[in-house]
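Heads up, the thing below is written out as structure tokens.
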Number of protein chains: 2
Amino acid sequence: MSVTIKDVAKEANVSVATVSRVLNKKSNVSEEAVRAVNAAVEKLGYSPNFLGRDLRKSETRRILAIIASTEQSFYSDVIRGMEAAAFAQNYDVLIATTHDDPNHEMHLLGMLFSRAVDGAVLLGPKLDANTINQLAQKHNIAMCLERLDNCNVLTVTIDNVKAGRDAVNYLIRKGHRKIGLITTIQRSQSSIDREIGYKLALKDNNIPFVEDYVYYGGYETEQGMRGCEHLMNLPSPPTAIFSISDIIAIGAMNYALSKGYRIGKDLVFMGFDNISYSHMFVPHLSTVEQPCYAQGKLVIEKLIENMKSPNPDHNLYTLPHSLVLRDSTGD
Amino acid sequence: MSVTIKDVAKEANVSVATVSRVLNKKSNVSEEAVRAVNAAVEKLGYSPNFLGRDLRKSETRRILAIIASTEQSFYSDVIRGMEAAAFAQNYDVLIATTHDDPNHEMHLLGMLFSRAVDGAVLLGPKLDANTINQLAQKHNIAMCLERLDNCNVLTVTIDNVKAGRDAVNYLIRKGHRKIGLITTIQRSQSSIDREIGYKLALKDNNIPFVEDYVYYGGYETEQGMRGCEHLMNLPSPPTAIFSISDIIAIGAMNYALSKGYRIGKDLVFMGFDNISYSHMFVPHLSTVEQPCYAQGKLVIEKLIENMKSPNPDHNLYTLPHSLVLRDSTGD
DNA sequence: CTAAATCGTGAAAACCTTTTCAATATAACA
DNA sequence: TGTTATATTGAAAAGGTTTTCACGATTTAG
């Protein structure tokens with residue numbers, strides 16, 4: 001039905017081996033043959049069947065990026081970094097979404113187990129550390145953005161503890177001592193780490209930790225509003241609020257705006273992620289920026305390196321973050 | 001090296017054919033064999049090599065969604081719809097990004113030509129209609145969200161002309177007669193169509209078209225600000241502004257806010273897309289909503305249908321849009 | 001109790017490549 | 001000239017599945 005390498009060989013009056021050689025740019029083939037084959041390929045509109053090729057070579061040169069959903073525009077820079085590193089070594093990057101369903105995550109990893117892709121990168125996995133550890137023993141898996149406790153799989157991330165600590169320390173340095181934290185009920189490691197950082201910063205400055213100053217909500221803007229409302233209705237409300245994501249922070253700011261607080265003066269906000277949308281908001285949000293592109297690039301480089309020769313020793317790469325200071329902290 | 005169906009057969013003391021039958025849940029196999037095979041699979045940790053399987057069956061049950069980038073969170077609902085339809089028929093959806101590079105778009109389509117996927121959906125292609133027409137003759141290609149003029153490839157979209165017309169007609173019905181349009185230099189068909197709709201609405205109401213009321217910028221927020229600035233500095237500035245995307249509209253609103261215009265009163269805004277971020281903005285943006293999920297779902301259903309038996313007759317599906325009215329139009 | 005249908009199974013072909021191996025032809029060398 | 005190295009080439013194996021075909025065994029029908 002469909003045109004195969006045999007048809008090309010017949011058309012070009014050579015063997016399939018020669019066609020293959022031409023297609024793969026092997027050196028030891030006469031110019032005449034090259035011409036004949038190329039002409040035949042052109043004429044027949046042939047494109048090689050990757051299934052045959054990949055089967056024979058036992059490699060697909062494709063890497064799967066597994067993410068929760070494409071909604072978080074924040075992933076896009078990571079993906080770009082991954083693609084840059086992949087293309088540089090003739091790999092393609094495919095993306096698939098789990099919608100936070102661990103079963104579906106496992107289903108997608110099935111593509112890896114079944115050799116439909118050569119490697120997989122998990123961006124915020126929902127599977128547990130044990131499972132991933134086990135799978136990574138036999139398959140090329142890496143993690144990015146989000147580390148997992150007790151997981152010795154290749155991971156590229158930032159130091160979220162330090163990031164949270166830096167953010168809160170900055171608020172304290174600006175004179176704030178009543179600092180609220182809006183975080184999530186869902187305990188991703190990064191949320192946990194940022195909360196730890198928050199507490200460490202308090203301790204650094206001998207500020208007692210106040211249970212009421214921590215609000216546990218969800219990842220949505222509405223939850224940010226809710227959190228801010230909760231905090232500001234306390235008997236002694238905070239003068240600064242650190243949110244573990246920009247989305248949440250923007251919700252919090254919206255609430256504050258609606259209540260007439262002067263943002264950056266009466267009340268100060270610090271977000272996390274530096275999402276591209278954040279500069280669309282007035283007032284502009286101060287935030288912690290993590291190197292998305294660099295993380296994506298590095299995780300692919302290391303993954304491919306590992307695919308060639310596994311190195312179980314060094315597997316955690318921590319990239320530097322930075323503070324981006326704007327209106328919401330009065331900068 | 002890796003465990004194959006042969007190993008399983010040996011372990012289970014049956015032929016590879018029987019193993020295959022068990023794995024594919026064929027009926028004509030004894031319970032005893034089923035047990036033995038399953039035990040062997042479990043014991044050896046076998047998972048079938050999809051390359052072998054796909055090669056033999058000449059199908060991968062994978063569909064590729066080709067998008068510009070994952071930055072536009074607006075795509076995420078489309079993807080969800082696509083996945084829902086695909087999973088229902090045992091297909092997986094993979095995503096790949098072009099970053100608006102037609103060459104890369106072609107490269108990704110190569111996965112289709114080379115049978116690494118069974119079908120592809122283009123969401124806003126950068127290739128021209130001719131090329132796509134030609135490719136679609138031999139391969140399973142569909143388009144979603146964005147139609148192409150002179151392109152008879154399976155397409156699911158909304159009626160952007162009517163959508164633009166409805167939006168502007170609404171503004172006129174609210175009493176506005178000086179209406180600005182902020183659109184893009186890049187001439188995607190949807191932009192063109194929405195502009196046509198804008199002009200038709202004016203004509204519907206005997207309002208003369210004013211060249212100066214149209215600003216051509218880019219897709220970014222900044223361009224929206226720029227556009228609004230341009231329009232409001234005209235000798236006779238508009239009292240209502242229609243933007244072909246929410247991102248642009250939000251930029252425009254930001255400018256208006258900064259200049260002290262009372263949005264929804266002095267100046268009215270209408271966006272397009274109803275991005276999920278839009279409700280995070282105060283004031284809330286009125287916009288045209290298109291059924292993203294439904295479009296994604298339908299395009300996959302029709303694509304799979306076409307893969308079974310091509311139907312070149314009916315290939316354009318137009319889904320209904322709707323107006324979402326909020327603060328920015330004073331609703 | 002025989003003939004016919006059904007069931008369960010395995011050997012082998014098929015899917016499309018790449019790559020090894022051996023063979024031929026040519027060039028280089030002594 | 002005879003020998004060896006080099007350059008091209010094709011036949012065939014290999015990669016892991018699914019599926020067809022044929023066969024023996026068992027059940028059903030008559």
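Protein chains get the first letters and strands the later ones, always in sequence-line order, with residue 1 at the start of each. What you are looking at is a predicted structure, and each value in this text was computed from that prediction instead of being measured. Hydrogens, waters and symmetry mates are skipped; everything else that's a heavy atom, side chains included, is used.
- Regarding R115(B), its CZ atom lies at a distance of 22 Å from the P atom of dT17(D), rounded to whole Å.
- Phosphate proximity of dT19(D) to K26(B): present, with a side-chain N or O under 4.0 Å from OP1 or OP2.
- Evaluation of the side-chain hydrogen bond (donor to acceptor under 3.5 Å, both in side chains) rule for D118(A) yields T60(A) as partners, not counting sequence neighbours.
- Remark: D149(A) engages R147(A), Q189(A) in a side-chain contact (heavy atoms from CB on, under 4.5 Å) (not counting sequence neighbours).
- At whole-Å resolution of the value, NZ in K10(A) and P in dT9(D) are 20 Å apart.
- Spacing between atom CG of N13(A) and atom P of dT9(D) amounts to 12 Å, rounded to whole angstrom units.
- The salt bridge (charged side-chain N to carboxylate O under 4.0 Å, His left out) check on E71(B) picks up nothing, with sequence neighbours excluded.
- In the helix from dC1(C)-dG30(D) to dA30(C)-dT1(D), the end axes, each obtained as the rotation axis mapping the C1' atoms of four pairs onto the next four within a five-pair block, lie 40° apart to the nearest 10 degrees.
- Residues passing the side-chain contact (heavy atoms from CB on, under 4.5 Å) test with Q137(A), sequence neighbours excluded: none.
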Using a cutoff of under 3.5 Å, can you pull out all pairs of nitrogen or oxygen atoms linking the protein to nucleotides 13-15 of chain D, with atom names and distances?
from	atom 1	to	atom 2	distance (Å)
dA14(D)	N3	R56(A)	NH1	3.1
dG15(D)	N2	G52(A)	O	3.3

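- For F87(B), the ring pair (Phe, Tyr, Trp, His ring centres under 6.0 Å) partners two or more places apart in sequence, or in a different chain, are H104(A).
- Considering only residues two or more places apart in sequence or on other chains, R61(A) meets the side-chain hydrogen bond (donor to acceptor under 3.5 Å, both in side chains) condition with E59(A).
- Summary of the strand contacts: K57(A) and S15(B) both lie near DNA chain C, and taking for each the nucleotide with the nearest heavy atom, the more 5' one is attributed to S15(B).
- Listed by chain and number, the residues in a side-chain hydrogen bond (donor to acceptor under 3.5 Å, both in side chains) with Y219(B) are S188(B) (sequence neighbours excluded).
- For the segment residues 29-47 of chain A, residues with any heavy atom less than 4.0 angstrom from an atom of DNA chain D are, sorted by number, V29(A), S30(A), A33(A).
- Between the side chain of E146(B) and the main chain of S190(B), a donor-acceptor pair closer than 3.5 Å is present.
- P291(A) is linked by a side-chain contact (heavy atoms from CB on, under 4.5 Å) to I158(A), A294(A), Q295(A), L319(A), counting only residues two or more places apart in sequence or in another chain.
- Among the protein residues, N24(A) comes within range of the sugar-phosphate backbone only, with heavy atoms under 4.0 Å from sugar or phosphate atoms but none that close to a base.
- Inspection of the T131(A) and D128(A) side chains reveals an N or O donor paired with an N or O acceptor under 3.5 Å.
- Residues passing the side-chain contact (heavy atoms from CB on, under 4.5 Å) test with V153(B) are I132(B), N133(B), A136(B), I141(B), C151(B), sequence neighbours excluded.
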